[in-house]
Amino acid sequence: MPRKGRTDRSRSAETRVPDGIPRQQGFFEDVFDIVRQVPAGRVTTYGAIAACLGSRLSARMVGWAMNASHHAIPEVPAQRVVNRNGMLSGKHHFPPDRPMETLLRMEGVDVADDRVVDFKSRFWDPGQELAL
DNA sequence: TTTTTGACGTCGC
DNA sequence: CGCGACGCCAAAA
């Protein structure tokens, strides 16, 4: 199909549907989709998601995508995504009314000192689960 | 359009 | 064992 004169990059402004709902923007969708598949009470890491996407993407992109997760639909449980240390690195980015730590505790994940307790057990590998 | 940043990860010193 | 620098790709300014 013939590509219009504009570049693919500039579709950002056009990716918005008339309803006002921002459509998932490429790479973001992949990240959101994986995060949404993370079961409650479980956590995953940026690197795991990045690896699941093909390792070609850096873990940074995952974090960057999560930044957009706030306006993503449906809501993305970003609280279940932590760094490889199990630290709630993004808690500072959560709404004050709903701290990341609180959300995790609510799901049954014990958090102490901004770290997931027994992170290893709580870890949910998207690459392994989604490989089915 | 180019430049900077970004909720990380891994290698190096 | 602790701290520093680089890399990765994409989006926002």
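The chains referred to below are lettered A, B, ... by the order of the sequence lines, with proteins before strands, and numbering in each begins at 1.
- Within the structure, salt bridge (Lys or Arg N to Asp or Glu O under 4.0 Å) pairs that include any residue of residues 38-48 of chain A do not occur (at least two apart or interchain).
- Computed from coordinates, the A:His70 NE2 to C:dA12 C1' distance equals 16 Å when rounded to whole Å.
- Taking atom NZ of A:Lys91 as the reference point, atom C1' of B:dA7 lies 13 Å away to the nearest angstrom.
- Scanning for salt bridge (charged side-chain N to carboxylate O under 4.0 Å, His left out) contacts around A:Asp110 gives an empty result, with sequence neighbours left out.
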Protein-nucleic acid N or O pairs under 3.5 Å, nucleotides 9-13 of chain B:
{"from": "B:dG9", "atom 1": "OP1", "to": "A:Arg84", "atom 2": "N", "distance (Å)": "2.9"}
{"from": "B:dG9", "atom 1": "OP2", "to": "A:Arg84", "atom 2": "N", "distance (Å)": "3.1"}

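- Helical stems in DNA chain B, defined as runs of 3 or more consecutive Watson-Crick or G-U wobble pairs with both donor-acceptor distances under 3.5 Å, are listed by first residue as B:2-6 with C:9-13, B:8-13 with C:2-7.
- Contacts with DNA chain B (heavy atom under 4.0 Å) in residues 97-112 of chain A: none are found.
- Straight-line distance from the CH2 atom of A:Trp64 to the C1' atom of C:dA13: 10 Å, rounded to whole Å.
- Between A:Thr45 atom OG1 and A:Asn85 atom CG the span is 10.0 Å, to the nearest 0.5 Å.
- Listed by chain and residue number, nothing satisfies the side-chain hydrogen bond (donor to acceptor under 3.5 Å, both in side chains) test with A:Asn67 (two or more places apart in sequence, or in another chain).
- Atom NE2 of A:His93 is separated from atom P of B:dT5 by 14 Å (rounded to the nearest Å).
- Residues that satisfy the salt bridge (charged side-chain N to carboxylate O under 4.0 Å, His left out) test with A:Asp118, not counting sequence neighbours, are absent from this structure.
- Screening residues 92-103 of chain A for side-chain hydrogen bond (donor to acceptor under 3.5 Å, both in side chains), with sequence neighbours left out, gives A:Glu101-A:Arg105.
- Regarding A:Phe28, its CZ atom lies at a distance of 11 Å from the P atom of C:dA10, rounded to whole Å.
- If you chain together hydrophobic residues whose side chains sit under 4.5 Å apart, A:Val81 and A:Met87 never meet in one group.
- Nucleic acid contact class of A:Ala78 (heavy atoms, under 4.0 Å, all strands): base.
- Within the structure, salt bridge (Lys or Arg N to Asp or Glu O under 4.0 Å) pairs that include any residue of residues 70-84 of chain A comprise A:Arg80-A:Glu107 (at least two apart or interchain).
- Note that CE of A:Met66 and CZ of A:Phe28 are 10.5 Å apart. Values are rounded to the nearest 0.5 Å.
- Partners of A:Ser89 under the side chain to side chain contact (heavy atoms under 4.5 Å, CB included) rule, at least two apart in sequence or in another chain, are A:Tyr46, A:Asn83.
- Cluster partners of A:Leu103, by chain and number: A:Val43, A:Val82, A:Leu88, A:Phe94, A:Met100, A:Leu104, A:Met106, A:Val109, A:Val111, A:Val116, A:Phe119, A:Phe123. The rule joins Ile, Leu, Val, Met, Phe, Trp and Tyr whenever side-chain heavy atoms lie under 4.5 Å apart.
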